[in-house]
Amino acid sequence: MAHNVIAVYPGTFDPITLGHEDVVRRATQLFDRVIVAVAAGHHKKALFSLQERIDMARVAVKAYPQVEVESFSGLLRDFVVARGGKAMVRGLRAVTDFDYEFQLAGMNRSLMPNVETVFLTPSDKYQFISSTFVREIASLGGEVDKFVSPAVNRCLVDKVQGLART
C-alpha cells in the first residue's frame, strides 16, 4: 500500500454540515492526510465569508489531526497537484447528485489523470442534508441544530440575526 496518500475534499462548505463531517471522518479511515479545500466560491453567492467558512471547517474537523483545512481559488486541479493529492473525495447523497458528480469526475480525470475521484456516501441520517437547505431553513428562522455542529449552529444564528438587523 502507498504511504502518505493525500486526499483533497473540495467544496464551498457554506456552511459545513454534519454530512460533510461524516464524509471527512470516512475519508480519514482511507487516507493518511485529508485536505478540506474550501472554495473561494466565485460562482456562488456565499452566506459566509471565505474566512468564516475556513474557521467553521477547522472547528468541525479538529478531532482529526490528519485533516487540514485550506482555501483555494482558481482551478481545483492546480491546488490538488500542488499539494501532491492522489485522490479527490466527493460526497454523494443521492442518485440526484450522481449525474453531476459523474460528469465532474470525468472532467477531473482528463485534467488530472493521476488523481482518482473517490465517492463516499454519508450515513443514512445525513443523506438529505445540504448546505443550501440548512441556509434556507436558518434564514427563515428554523432550527438547524440537527444538521450542523453546535459551533456552526451558533455561527448560523449569529449570521441570520446580523442580516435581520441590516
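Numbering starts at 1 and runs along the sequence shown. These numbers were taken from a predicted model, which means no experiment stands behind them.
- You'll find the side chain of K146 stays beyond 4.5 Å of the side chain of K125, heavy atoms only.
- Under the side chain to side chain contact (heavy atoms under 4.5 Å, CB included) criterion, A138 pairs with V144, L156, V160, not counting sequence neighbours.
- Of the possible donor and acceptor atoms, none in the side chain of D22 sits under 3.5 Å from a partner among the backbone N and O of P122.
- In this structure the side chain of V34 never reaches within 4.5 angstrom of the side chain of V89, judged on heavy atoms.
- No more than 12 heavy-atom neighbours from other residues, nucleotides or ligands sit within 6.0 angstrom of OH on Y100.
- Taking the six-membered ring where tryptophan is involved, the planes of H20 and F13 are perpendicular, since the angle between them exceeds 60° and thus also 30°.
- Note that CE of M88 and OG1 of T117 are 4.5 Å apart. Values are rounded to the nearest 0.5 Å.
- No more than 12 heavy-atom neighbours from other residues, nucleotides or ligands sit within 6.0 angstrom of CD on E143.
- Interatomic distance, CZ of R83 versus CD1 of I6, reported as 10.0 Å (0.5 Å rounding).
- Linking Ile, Leu, Val, Met, Phe, Trp and Tyr residues whenever their side-chain heavy atoms come within less than 4.5 Å leaves V134 and V59 in two separate clusters.
- Residue E116 forms a salt bridge (Lys or Arg N to Asp or Glu O under 4.0 Å) with just one option from R109, R90, K86, and that option is R109.
- Atom-to-atom distance recorded for L18:CG and F147:CZ is 9.5 Å, nearest 0.5 angstrom.
- Here R58 pairs with nothing under the salt bridge (charged side-chain N to carboxylate O under 4.0 Å, His left out) rule; sequence neighbours left out.
- Relative ring orientation between F119 and F98 is described as tilted, the plane-to-plane angle lying within the 30° to 60° band.
- Atoms CZ and CD1, from F79 and I35 in turn, are 5.0 Å apart once rounded to the nearest 0.5 Å.
- In terms of modelled atom types and a separation under 3.5 Å, the side chain of R135 and the main chain of S130 share no donor-acceptor contact.
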